[in-house]
Amino acid sequence: MILAHISDMHLRPEGDLAHGVADTSGSLSGAVERLSALDPPADAVLITGDLVDDPNARAYAQLRRLLAPLSVPVYLTPGNRDDRASLRAAFADAGYLPENGAFLHYAVEDLPVRLIALDTVKEGAKSGELCAERLAWLADRLAEAPGRPTAILMHHPPFKTGVPFMDGQDFAGAEAFAGIVGAYGNVERVLCGHLHRPIQRRFAGTLACVAPSTAFHMPLDLRPDADLNLVLEPPAGFLHVWSPGIGMVTHTLPLVAHPGPFPFRRRPAPAGA
């Protein structure tokens, strides 16, 4: 089973560059083209939040149009840039978002790896949270199928990264979340976004993966006094490949055109060998 994972598109209208430099619409179009050409194809595409930059009906309609070429199921989770009501309305016919309720979390049961999507949005804040209601919902879902391989999708990473300018935001409920996840041995991955860099960390007995952005990246700057900047590194995502008896293996996937593949040429054997 192959799960393609992208994040943080920060979609803006065509020709409107994010921060004056990033063509987020063009980057998403290129990412969709790359994902559509995968051979073998992905079984689903997972998108972990900050879908649009200005959350209104027009932006989500644009998002639907750009994602339409994908022929496999697409599962969205909201980020701090998103609006729950507008997102729910735009994708009401997708069949997986809850029709009502305060939060956009859900479970997908018909894939070899069970998907549990968590809404970590904290109203009016960039930081994330899992309140008691959301934690209880997660605990109930995990208890339903403790033997099935499972991936948890969420926008905000519930841990520190060691990058100073990334670690200024708290995540309310992170310790309780870790306790719930750590009680089960079947959580293959915790899949996140938000930080605009590819990051992996051991967390609660599993592996947490922060997907890079299709739009723009934060620089890898470990200095304690680093400024908040962005860089136009090539868009990328992850491919999470699950097989019985092996489990889940995660690969970084560039989402831009690049040369190759080329035949691998072996060096000729030395004379007399």
Side-chain angles (χ1 to χ4, degrees), residues 5-12 16-28 30-31 46-54 77-82 118 120-130 152-178 181-182 189-240 249-256 258:
H5 175 199
I6 62 175
S7 195
D8 293 84
M9 291 98 76
H10 287 261
L11 187 62
R12 299 189 66 82
D16 186 356
L17 303 182
H19 303 282
V21 295
D23 178 10
T24 62
S25 177
S27 294
L28 179 56
L46 319 177
I47 309 181
T48 49
D50 278 3
L51 311 172
V52 302
D53 223 26
D54 183 13
T77 56
N80 51 282
R81 300 290 303 189
D82 293 302
L118 287 176
T120 59
V121 175
K122 181 179 181 180
E123 290 293 344
K126 292 182 179 180
S127 57
E129 73 172 1
L130 286 172
I152 296 175
L153 324 178
M154 55 201 293
H155 179 62
H156 298 86
F159 53 81
K160 301 295 186 182
T161 67
V163 181
F165 71 83
M166 291 183 178
D167 289 345
Q169 299 176 16
D170 291 327
F171 185 107
E175 185 175 347
F177 172 69
V181 172
R189 290 290 186 276
V190 175
L191 306 179
C192 313
H194 189 55
L195 298 182
H196 291 241
R197 287 217 63 80
I199 300 171
Q200 295 83 37
R201 183 190 144 165
R202 183 170 175 82
F203 174 82
T206 186
L207 183 66
C209 295
V210 180
S213 170
T214 65
F216 53 86
H217 287 79
M218 301 300 178
L220 181 55
D221 195 333
L222 300 176
R223 297 174 300 167
D225 59 348
D227 292 328
L228 180 61
N229 295 307
L230 62 87
V231 291
L232 297 183
E233 294 179 8
F238 289 141
L239 285 184
H240 307 288
V249 179
T250 295
H251 305 268
T252 301
L253 177 70
L255 293 173
V256 291
H258 52 273

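All heavy atoms count here, side chains included; hydrogens, waters and symmetry mates do not.
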By side chain to side chain donor-acceptor pair (under 3.5 Å), which residues pair with Arg202, not counting sequence neighbours? none
For Leu11, does its backbone N or O pair with a side-chain atom of Arg81 as donor and acceptor, under 3.5 Å? no
Contact summary for Cys192 and Pro158, nearest pair of heavy atoms: SG-CD, 4.1 Å
For Arg12, the side chain to side chain donor-acceptor pair (under 3.5 Å) test, sequence neighbours excluded, returns Asp16, Asp53
Tell me, do Phe171 and Thr120 make a side-chain contact under 4.5 Å, heavy atoms counted? yes
Using a 4.5 Å cut-off on heavy atoms from C-beta on, say whether the side chain of Pro157 contacts that of Leu195. yes
Not counting sequence neighbours, which residues clear side-chain contact (heavy atoms from CB on, under 4.5 Å) with Leu222? List them please. Val163, Leu220
Donor-acceptor contact below 3.5 Å, side chain Arg197 vs main chain Met218: yes
Where do Ala211 and Phe238 come nearest, in terms of heavy atoms and distance? CA-CE1, 3.5 Å
Return the minimal non-hydrogen interatomic distance between Pro234 and Val256, and the atom names on each side. CB-CG2, 4.0 Å
For Pro224 and Pro164, which heavy atoms make the closest approach, and how far apart are they? CA-CG, 3.8 Å
Do side-chain atoms of Lys160 reach the backbone of Asp167 as a donor and acceptor pair under 3.5 angstrom? yes
Would you say the ring centroid of His10 lies under 6.0 angstrom from that of His196? yes
Nearest 0.5 Å, please: how far is CD1 in Ile152 from CZ in Phe177? 4.5 Å
Leu255 CG to Leu28 CG distance, which is reported to the nearest 0.5 Å: 9.5 Å
Which value, rounded to the nearest 0.5 Å, describes the distance between Ser127 atom OG and Lys122 atom NZ? 4.5 Å
His194: ring pair (Phe, Tyr, Trp, His ring centres under 6.0 Å) partners, not counting sequence neighbours: His155, His156
Any residue meeting side chain to side chain donor-acceptor pair (under 3.5 Å) with Thr206, in chain and number order, not counting sequence neighbours: none
Could you report the tightest heavy-atom contact between Thr214 and Ala31, atom names first, then the distance? CG2-CB, 4.2 Å
Looking only at heavy atoms, which two atoms of Ala215 and Asp8 are closest? And how far apart? CB-O, 3.6 Å
Does some side-chain heavy atom of Leu17 sit less than 4.5 Å from a side-chain heavy atom of Phe216? no
When rounded to the nearest 0.5 angstrom, what is the spacing between CD1 in Ile47 and CE in Met9? 4.0 Å
Pairwise distance CD(Glu129) to CG(Asn80) - rounded to 0.5 angstrom: 12.0 Å
Strictly distance-based, threshold 3.5 Å: is any side-chain N or O of Thr48 a donor or acceptor partner for the main-chain N or O of Ser7? no
Rounded to the nearest 0.5 angstrom, the OG1-NE2 distance for Thr252 and His5 is 11.5 Å
Measure the shortest side-chain to side-chain distance between His240 and Cys209 over non-hydrogen atoms and say whether it is less than 4.5 angstrom. yes
Can you name the residues that form a side chain to side chain donor-acceptor pair (under 3.5 Å) with Thr77, not counting sequence neighbours? none
Do side-chain atoms of Asp221 reach the backbone of Arg223 as a donor and acceptor pair under 3.5 angstrom? yes
